[in-house]
Amino acid sequence: MENNNRKLARILSRIADFLEFKGDSIYRVNAYRKAARVIKDLPEDIKELHSKGKLGSIHGIGEKLREKIGQYLEGGTIKKYEELKREIPEELIILMDVPNLGPKTLRLAYEGLGVRNLNDMKKVIKEGTLTQLPGMGSKKVKKIEKGLEIFLKGQDRMLLGEAIQIGERVLRHLAPHASNLSIAGSLRRMKETVGDLDILGVGGKEIMEAFVQIPGTKEVLAKGETKASIFLEETQIDLRVIREKEWGAALQYFTGSKEHNVHLREIARDKKLKINEYGIFAIEGGKKLGGAKEEDVYKALGLAYISPELREDRGEIEAARDLTLPTLVEYHQIQGDLHTHSQWSDGTATLEEISLEGKKLGYQYIAVTDHSKSMKIAHGLDEKRLEDQIKTIRTINAQGKGAYLLAGIEMDIHPDGTLDLEPDILKELDWVVASVHSHFTQDATERILSACHSPWVHCIGHPTGRIIFSREPYPLDLEKVFKGAASTGTVLEINAHQDRLDLMDIHCRKAKEMGVKVAIGTDSHHIGQLWMMRLGVGIARRGWLEAPDVINTYPLKDLLAFTKRKRKGG
DNA sequence: GCCGTTTTCGGCCCGACTGTTTTCAGTCG
């Protein structure tokens, strides 16, 4: 369902690049970029919205773009896009994504030196002809060359889970030298992937010194009084030293998102106010109205405080104005993990270890959900072994040393929609997750729906099947899945493993709207992965979920009562 | 190209940094 949205968003964004290259109005360019972003963020298929005539209600898409979207849905492309491609080589326009190389420089190179693609660009850099262009010196060429390197390496983003670990390592190093310290940027917003890391600190010169000496630093890219950048292994990290009285304004500013901040500044302008990274000011007279606390910024604009995870300009500003923001689920409300693997299948931990580690984490319970028999490479459990495992789990629970273990399974859903295990054994289990693990190219909608209709299945694991950076979701009509889950009382998983984060944030929000509950599970294969629950909570928060929407905020007794309800047919 | 109980036309966020400028353009976040 997202395929249409993503493809259309890419075309619109490409049109924006073409227009910017041509020197068209930057406002028109931005209109295309905004539309592209809004469409990418939509939880439902643009085709559906179009056919229902609901495109008109989307802010940022007007008459002309509606018409162009119609062209795309009917013919798979947009006339204007095709014309632009004929006029200017798309190979050239793609170079707009090269850091430090913008539309003006690119156009100069195109018109002045006949650069038409990546190879041409490499050539004029190597031969030194690029410096012949007006306003182009050797330093600029160096920067572009460096940008090209990053561009060619391709993957300049990392997984949220990796970013958190690097970020916290940096914080630990800086903590002794700073009176205040925080992560900002997309990592603070818990975006599923992160580019650069932004760190803010209050302190003197020592903090800067400590920063550029963090073990693992490969290169110091810049170092001034208030800002420094380093390459820590493969990651660029920016540190900004802030004054205490400007802390809130800076934290707000550097947390973003850019779109969220732009929207805030529009509101500020209407209120005759100005926001920047130093504070919030009256335009007339310049009187400072605040900036020490992040809340100051929102308060001055007549808005409730908005949690970082919501700051994507997806309606949170309107909700803050109307006091309809959700009370987001919090990590400390999580009572247990609902997806783990032990050495009984392809994990490394023993059942005892899982139980004890759960207790350490403050959990009441942990579900052991090893693979079922079809997953032969994962040493999946057949009925007999599962029966043994259930007995072992009950014995461990009787000892009462650790967190309560829920006897569970992550059971395959066969391509024809049938389940991998018989009801006789499923009825013995506390928690049944059903997942798609094969035939990824066929449409999985009916397959998942038939699992939802089984009274034995509590939850659908990693519902879309995507793996970040490596595997697309299987073809799926998520809206139908949400409907089926809602009508059968089936829970959908937020798989919190850093490689999956599936459902995604926008799906969570849609699921909630449609009356579906979610379960967060880490899919841990050893106990060193259980911490990823934090990532799942981050995604839930980005999806506007509240504690009652997430069933592993329920105490054990309530959770068990909840799981029994489906078996009794509601 | 979008949008509006301040506007259907004239606006459209804000600042830092860098380089190559003799006063500012380009790029970034």
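Every chain is numbered from 1 and lettered A, B, ... according to where its sequence line falls, protein lines coming before strand lines. The structure displayed is predicted, hence computed values, not measured ones.
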> When you compare B:dC2 with B:dT8, how far apart are their C1' atoms, in angstrom units rounded to a whole number?
Replying inline: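 One C1' to the other, the span is 12 Å.
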Nucleotide of [options] approaching [X] most closely (side-chain heavy atoms):
X: A:T226; options: B:dG15, B:dG19, B:dC17; value: B:dC17
X: A:L65; options: B:dC3, B:dG1, B:dG15; value: B:dG1
X: A:K64; options: B:dT27, B:dG1, B:dC3; value: B:dG1
X: A:P99; options: B:dT20, B:dC28, B:dT27; value: B:dC28
X: A:A31; options: B:dT27, B:dC14, B:dG1; value: B:dG1

>> So, does A:R28 get its side chain near the phosphate of B:dG1, meaning an N or O under 4.0 Å from OP1 or OP2?
In response: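 Yes, A:R28 has a side-chain N/O under 4.0 Å of OP1/OP2 on B:dG1.
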> Does B:dG1 have OP1 or OP2 sitting under 4.0 Å from an N or O in the side chain of A:K68?
Replying inline: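 Answer yes for this pair, as a side-chain N or O of A:K68 is under 4.0 Å from OP1 or OP2.
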> Hey, is the main chain of A:R311 close enough, under 3.5 Å, to the side chain of A:S257 for a donor-acceptor pair?
Replying inline: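 Side chain of A:S257 to backbone of A:R311: a pair is present.
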> Mind checking whether A:Y298 and A:H260 have parallel, tilted or perpendicular rings, split at 30° and 60°?
Replying inline: tilted
Need one value for [X]: base, sugar-phosphate or nothing, where a base atom within 4.0 Å counts as base even if backbone is also close, heavy atoms only.
X: A:L264; result: nothing
X: A:K227; result: nothing
X: A:K272; result: base
X: A:K143; result: sugar-phosphate
X: A:V38; result: nothing
X: A:Y253; result: base
X: A:Y278; result: sugar-phosphate

>> Strictly by Watson-Crick or wobble contacts shorter than 3.5 Å, is anything paired with B:dT8, and which nucleotide is it?
In response: none
> A:R542 pairs by side chain to side chain donor-acceptor pair (under 3.5 Å) with which of A:E192, A:E309, A:E312?
Replying inline: A:E312
